[in-house]
Peer 1: 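Pasting a structure below so you can have a look.
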Amino acid sequence: MKTDFISVSGNGRRSEEALRQADKVAAYKGLSPKGAMHLRLLTEEMMGMVRSITGEPDGLFWIEEDGGEYELHLKVRALLNEEKREKLLAASTTGKNESARGIMGRLRQFFDWSSDEDVASYYGPLNMPDMFEYSSSPTMDWEWSMTRYESALYDRAEKGDDRAKDAWDELEKSVVRHVADEIKVFIRSGNVEMVILKKLS
């Protein structure tokens, strides 16, 4: 099963429609109250992240289901150039991206990735050993996985890496980490796609 695509944007347009879509899917599939709540919660987390994306890019949201595994998809084209990003960050008191807190806030950085930037040189707090390059072409394909990130953080924290310990504490407090089975982010030719996976009944 695959739902219709819903156009969403950083200004919150149609976020409510995405939530209604999640409720319709839950009803159509006869999910338990807990399953329906989890599907809606994951949709809310994704829409909250969309609202915090700088530059208000348009994106597409949809849900897929196969054998009880649900996939929530969000796809956005990287729109910001370096000049626009600098202007946005200059408006911040610290000159930094203040909403890059929590796992969804940090994932949001992938969606703020500039179309002027080479993905290979893109630096962010999630780009640890868990981010994989799949192509050496100028339009590189990358994939990030929450489960790989969690494993990499755990290994580094065990070795005494303070930065990894802080990131681990942040991950432990994340609602979406405790509800989702997996989160993946793909960067393909300037398009950024997030997929949240959850087995529901």
Side-chain angles (χ1 to χ4, degrees), residues 22 34-35 37-50 52-53 59 61-76 78 96-114 117-137 139-201:
K34 183 178 179 181
M37 180 188 70
H38 282 173
L39 188 64
R40 184 177 175 90
L41 178 62
L42 292 172
T43 303
E44 285 175 347
E45 287 286 318
M46 195 174 257
M47 291 305 102
M49 189 196 70
V50 171
S52 70
I53 294 173
F61 170 81
W62 71 97
I63 299 173
E64 296 182 21
E65 183 273 337
D66 184 25
E69 182 168 77
Y70 290 77
E71 296 181 1
L72 287 74
H73 291 257
L74 172 66
K75 189 172 186 178
V76 172
K96 296 178 181 178
N97 183 345
E98 296 294 347
S99 60
R101 300 173 191 275
I103 189 67
M104 294 302 278
R106 293 188 186 278
L107 284 172
R108 194 203 115 214
Q109 292 182 308
F110 285 119
F111 290 82
D112 278 343
W113 166 66
S114 166
E117 290 177 297
D118 180 351
V119 180
S121 63
Y122 174 69
Y123 173 77
L126 295 172
N127 295 357
M128 295 174 78
D130 57 300
M131 188 154 175
F132 289 86
E133 175 188 343
Y134 284 101
S135 168
S136 58
S137 67
T139 53
M140 292 187 179
D141 292 346
W142 293 79
E143 176 186 336
W144 178 90
S145 158
M146 182 179 71
T147 54
R148 287 198 306 259
Y149 174 64
E150 191 172 5
S151 178
L153 276 185
Y154 182 80
D155 290 344
R156 286 186 173 207
E158 285 289 293
K159 292 174 184 173
D161 185 325
D162 290 337
R163 186 169 165 252
K165 285 179 183 177
D166 290 344
W168 178 264
D169 289 342
E170 183 179 77
L171 187 63
E172 280 288 291
K173 295 171 186 172
S174 167
V175 173
V176 72
R177 180 253 180 185
H178 289 286
V179 176
D181 294 333
E182 171 70 295
I183 302 172
K184 293 187 176 183
V185 178
F186 304 92
I187 299 177
R188 299 187 182 102
S189 305
N191 288 298
V192 185
E193 182 175 355
M194 174 189 285
V195 183
I196 298 179
L197 297 95
K198 176 68 178 177
K199 190 87 172 174
L200 295 169
S201 57

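Below, each value reflects all heavy atoms present in this structure, side chains not excepted, and no hydrogens, waters or symmetry copies. This chain uses plain numbering: 1 for the first residue, then up along the sequence.
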Peer 1: Kindly write out the residues that satisfy side-chain contact (heavy atoms from CB on, under 4.5 Å) with Lys165, not counting sequence neighbours, or none if the list is empty.
Peer 2: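 Counting only residues at least two positions away or on another chain, Lys165 forms a side-chain contact (heavy atoms from CB on, under 4.5 Å) with Ala157, Asp162.
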
Peer 1: Donor-acceptor pairs under 3.5 Å, side chain of residues 179-187 to any protein atom, not counting sequence neighbours: which ones?
Peer 2:
unit_1 : atom_1 : unit_2 : atom_2 : d
Asp181 : OD2    : Lys199 : N      : 2.7
Glu182 : OE1    : Ser145 : OG     : 3.4
Glu182 : OE1    : Met146 : N      : 3.1
Glu182 : OE1    : Thr147 : N      : 3.1
Glu182 : OE2    : Ser145 : OG     : 2.7
Glu182 : OE2    : Thr147 : OG1    : 2.8

Peer 1: For residues 38-47, which residue pairs qualify under side-chain hydrogen bond (donor to acceptor under 3.5 Å, both in side chains), counting only residues two or more places apart or in two chains?
Peer 2: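 Sorted pair list: Asp23-Arg40, Arg40-Glu44.
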
Peer 1: Glu193: which residues meet the side-chain contact (heavy atoms from CB on, under 4.5 Å) condition with it, sequence neighbours left out?
Peer 2: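 Partners of Glu193 by the side-chain contact (heavy atoms from CB on, under 4.5 Å) criterion, ordered by chain and then number, come out as Trp62, His73, Lys75, Arg188, Val195.
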
Peer 1: Answer yes or no: is there a side-chain heavy-atom contact under 4.5 Å between Met46 and Met194?
Peer 2: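 Yes, their side chains come closer than 4.5 Å.
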
Peer 1: Below 4.5 Å, heavy atoms only, C-beta onward: do Tyr70 and Leu197 meet side chain to side chain?
Peer 2: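 Not touching, per the 4.5 Å side-chain cut-off.
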
Peer 1: Kindly write out the residues that satisfy side-chain hydrogen bond (donor to acceptor under 3.5 Å, both in side chains) with Ser151, not counting sequence neighbours, or none if the list is empty.
Peer 2: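 Scan of Ser151 (side-chain hydrogen bond (donor to acceptor under 3.5 Å, both in side chains), adjacent residues dropped) gives none.
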
Peer 1: Got a sec, which residues hit salt bridge (Lys or Arg N to Asp or Glu O under 4.0 Å) with Glu172, two or more places apart in sequence or on another chain?
Peer 2: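 Listed in chain order: Arg177.
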
Peer 1: Working to the nearest 0.5 angstrom, can you tell me the gap between Arg156 CZ and Trp168 CH2?
Peer 2: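 Atom-to-atom, Arg156:CZ and Trp168:CH2 are 14.0 Å apart.
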
Peer 1: I need the Leu41 CG to Lys34 NZ distance, nearest 0.5 Å.
Peer 2: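 Here the rounded value is 12.0 Å.
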
Peer 1: I'd like to check Glu71 versus Ile196 (side-chain heavy atoms, cut-off strictly below 4.5 Å). Are they in contact?
Peer 2: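 No, too far: nothing below the 4.5 Å cut-off.
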
Peer 1: Where do Ala22 and Leu39 come nearest, in terms of heavy atoms and distance?
Peer 2: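 Heavy atoms only, the tightest pair is O-CD2, 3.4 Å.
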
Peer 1: How far does CG of Leu153 sit from CD of Glu158, to the nearest 0.5 angstrom?
Peer 2: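 Leu153 CG to Glu158 CD: 11.5 Å, rounded to 0.5 Å.
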
